[in-house]
Structures are given as C-alpha cells and as structure tokens.
Amino acid sequence: MHNTTAMLIELGAIILALGILGRLAGRVGFSPIPLYLLAGLAFGHGGILPLQASEEFVATGAEIGVILLLLLLGLEYSASELVTNLKTQYPSGAVDFALNALPGAAAALLLGWGPVAAVALAGVTWISSSGVIAKVLGDLGRLGNRETPVILGVLVIEDLAMAVYLPILTALLAGVSFAGGSVTLLISLGTVGAVLYVALRHGRLISRAVSSDNAEMLLLVVLGLTLLVAGIAQELQVSAAVGAFLVGIALSGEVAEGASSLLTPLRDLFAAVFFVFFGLSTDPAAIPPVIVPALVLAVVTTLTKIGTGYYAARRAGIKPAGRWRAGGTLVARGEFSIVIAGLAVGVEPRIGPLATAYVLILVIVGPLAARWTEPVARRFSPARKPAAPLPAPATPAGPAAQDVPAEPAADPAAAVSDAAPAETADQDAARTSG
C-alpha cells in the first residue's frame, strides 16, 4: 500500500475513533481527555494496534494543538483583566504554588529523578486544567456563582505563571548554563511585559489591523500570525506555547470573539490529536510501575487543591459552602500537565507514564470533586447549634408576689432599656384585650 494511502486511512480511523469517544464521554458527562489518552496508548508503541504511516503527521498536529490551546486561552482574557487579577489574586497564586508544586518536586526527588525532573513534575502537579474546569462549571450551572470569579482568578494566575515557568523549564531541559538560563528568563519576562504594555496601550490598534469582515481572511491572518510568533518564540527558547498565549492576549474585542469562534473547532481537533500523540509516545507497559506514585500524588494534590480554592474563596469573603465548591472545582488536571510532561520526557522518560496515569486519575476525579466536595464537607462539618432563646420574665402570681422587693438596677440606663420591651409588651396585650 502506498505510504500516503496508508496515512490517510490511519488518520481517518484516528479522527473517527476520537469522534466516537468524544460522544461517549459527553453522554457519560466526563471530559474526553482520558479516553483520548487511552486511545493513544492503544495505537502507540507497545499498544494493541501500533500506527506506522501517520506518526509524523500526528506529531506535527500535536504541536499545532498545543499552540491553539494556548491561543484560545489567551483570547479569553484581556490585558487589563490579567493585570487586575495579578494585583488582587497573587497571594492565592503563591499559596497555590506552594501547596501543589512542592509535592511534585518532592516526589521526583524521592524517586531519584534529579532536580530537572523535579522542576518538571512540580509543573505537572501544579497547574489545573482550564478546559476541564470551564466545562465542569458550565455543566453544573455555576458560571454565575460568587465563587466562580475566584476560580477563574486562580486559573489566570497559573496561566500567567506559565509564561515564566515554561521558558525556565525549556532552558533546563536543553542543558543551558545558569547564565544562559538567566538570559532566557529575562527575554521571556521582557516579552511578556512588552506584550502586556502594548496590549494595554495599543490593543485597539492591533485588533483593528487584524480585523476583517471576511471570516476566511480573519482566520488566515490570526492563525498565520500565531504560528509565526510561536515559531520565533521557540527559536528564542521562550516556548511556542507562550508565544501563542501572548498573541491571544494582544487581541481583544470583536476580533478576539470572532477569532475564538472560528478557531475553536480547529482547537478541538488538534488538541484531541495532541492527547492521542502523548499516548502514542507512552509505552503502556511503563505505567504499572508508576501507578502507586501517581495515585499517591493524586490523593495529596487533590487535598492541596481543595485547600487552595478554600483559601482563595475565603480571602474574597465567600461563605463556607462556596469555599468548598471552589476547592473541589480546581482539582482537575489536564492539558498543561501533559504539555509539561511531553517537554520533559527526553530528560526523564518515566515522567511520561507517571503524568499519563496522574492525569487519567484526576481528570476523572476532578468533575466528581467539583460536584461532591461541598456536600461531603457539609455532611462531616459539626452542625451549628441554634441559639438558646432568652428566658421569659417571671409573671407575679398571687398576693405573695407583692411581698417580693424589686432588686435595684446596677445601671439606671440599663434598667430603662431592659424595661422598655416589657412595657411595650404589656401595652400590646392591653390593646389586644381591648
């Protein structure tokens, strides 16, 4: 069979299978990400039916999938929203990092994987899945809840942190020296700062230059610009994903809305291909040895994410029920964890299987935690006892009551205020009897 023919057959089979799996996940009410990962494991090396002809094309599609994921994420936020969230939510972001990145780093060091792998696994356990969480909020009808802006604020902080974290990780994985890594970080910070400044000051001009009434022209210009900036960013070792995210931030208004609606189907297609590719690059036989560490990490970071959401919602003045809902909603991990693990596989191959198992667990546990954390917390929290009613004043009965002398009040003003309700009650009773 001709190589092109075999590639078309394999691609058609993959996309058809992804469509069927996505519909199945939608009926069950879960994210399709775990099913995509399982499909990749089935079609990858060591799987049931390994692919041959389409592997290179799938790898390229996976790169485009990551770029589109970050572009669409950037289109969701304006530069002013990012700056405002950064000012108000940074304490919650610091707690989020401490509670959720450190368990991953500690696990890598305990497993003997070295400091670079520790930085990578810290990112895997740190970042929540914006895509899964957004779907869960919509499915549960919580988009208008008071705690939802807090959840989105934490996610925005994480997304901004990725613009700094990914260049550092890329430099470490490339074996760049401390000086070279510092230059890469400075370039990244300078790029992010410049894009935010231009977007705040001249965002309308950029959007106007890209804008077009023709949907085809708008799609080509935005997609071409994104791929070009992503490639330049990759060449500068800043990360293609960060470059795409910054393009999304720079666009705003009607241009961002139009580009988002046009690119969402492409994002969904190539993101599914990305998850399949990650599964393809993971040997299923490598998962059982790391299933116990993945399960332990999943349990620990489920609790730490719940703590993060609770803390962030408490800072915003949300009541306890909303705090528990915020914590449970943040549990899911997904696309970012897989992106980070995919970058680090070349340095520590065991990160891939561990991240796959970890994401499979939490992408299933995440929607359950969002739904049930608050009812479970309410079930096990001590019930508040109702306040005891004040004793009613004793009513004198019979002649003996007249011989009981009244005790003088310690404070004349207190005596007046305490007597006023009784006098009013007597007057009301008199009116009623009259």
Side-chain angles (χ1 to χ4, degrees), residues 1-72 129 131-132 135 219 223 227 230 240-241 244 262-288 291 332-339 341-343 345-346 349 351-364 367:
M1 186 182 296
H2 194 272
N3 190 47
T4 304
T5 305
M7 182 187 70
L8 292 175
I9 292 174
E10 288 185 0
L11 282 177
I14 291 172
I15 295 173
L16 178 61
L18 293 179
I20 295 172
L21 292 174
R23 293 184 63 180
L24 177 63
R27 290 189 177 184
V28 176
F30 281 103
S31 168
I33 291 175
L35 297 181
Y36 295 160
L37 290 172
L38 291 174
L41 292 173
F43 292 131
H45 299 290
I48 301 172
L49 187 63
L51 300 179
Q52 301 294 335
S54 61
E55 188 172 359
E56 184 176 350
F57 184 89
V58 170
T60 304
E63 291 285 342
I64 296 175
V66 174
I67 290 171
L68 290 177
L69 276 171
L70 273 294
L71 170 65
L72 269 292
S129 171
V132 175
K135 187 176 187 305
L219 173 64
L223 183 59
L227 294 175
L262 290 172
L263 289 168
T264 295
L266 280 178
R267 186 272 314 269
D268 295 339
L269 170 63
F270 284 103
V273 171
F274 164 72
F275 290 117
V276 169
F277 175 74
F278 188 81
L280 289 174
S281 61
T282 303
D283 187 357
I287 291 181
I291 193 67
R333 310 303 203 277
E335 58 273 11
F336 263 129
S337 299
I338 299 298
V339 169
L343 292 173
V345 164
I351 287 183
L354 177 62
T356 301
Y358 177 78
V359 170
L360 281 171
I361 294 169
L362 287 187
V363 84
I364 294 172

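Separation of atoms CD (Glu10) and CD1 (Ile15) is listed at 12.0 Å; rounding is to 0.5 Å. Rounding to the nearest 0.5 Å places CD1 of Ile9 at 11.0 Å from OG1 of Thr4. Taking OH of Tyr358 as the reference point, atom CD1 of Ile351 lies at 13.0 Å (rounded to 0.5 Å).
Inter-residue side-chain proximity for Phe274 and Ile338 is flagged as met; some heavy-atom pair is nearer than 4.5 Å. When side chains are defined from C-beta on, Leu18 does not count as touching Leu35, because their heavy atoms never get closer than 4.5 Å. In this structure the side chain of Leu360 never reaches within 4.5 angstrom of the side chain of Ile364, judged on heavy atoms. Leu37 is not listed as a side-chain neighbour of Val363, based on a closest heavy-atom distance of 4.5 Å or more. Leu21 places none of its side-chain heavy atoms less than 4.5 Å from the side chain of Pro32.
Side-chain N or O atoms of Thr356 include one that pairs as donor or acceptor with a backbone N or O of Gly352 at under 3.5 Å.
Contact between Gly61 and Phe270 at its shortest, heavy atoms only, is O-CD2, 3.5 Å. Closest approach of Ala62 and Val273 over heavy atoms only: N-CG1, 4.0 Å. Considering every non-hydrogen atom in both Val359 and Arg333, the closest pair reads CG1-O, 3.9 Å.
Applying the side-chain hydrogen bond (donor to acceptor under 3.5 Å, both in side chains) rule to Ser129 yields the partners Glu335; only residues at least two apart in sequence or on another chain are considered.
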Using the side chain to side chain contact (heavy atoms under 4.5 Å, CB included) rule, take Leu219 and Leu266 through it: C-alpha gap first, then chi angles, then the decisive distance, then the call.
CA-CA 11 Å; Leu219 173 64; Leu266 280 178; 4.2 Å; yes
Please report the C-alpha distance between Leu223 and Leu71 in whole Å, then the side-chain angles of each, then the deciding distance to 0.1 Å, and finally whether the side chain to side chain contact (heavy atoms under 4.5 Å, CB included) criterion is met.
CA-CA 9 Å; Leu223 183 59; Leu71 170 65; 5.5 Å; no
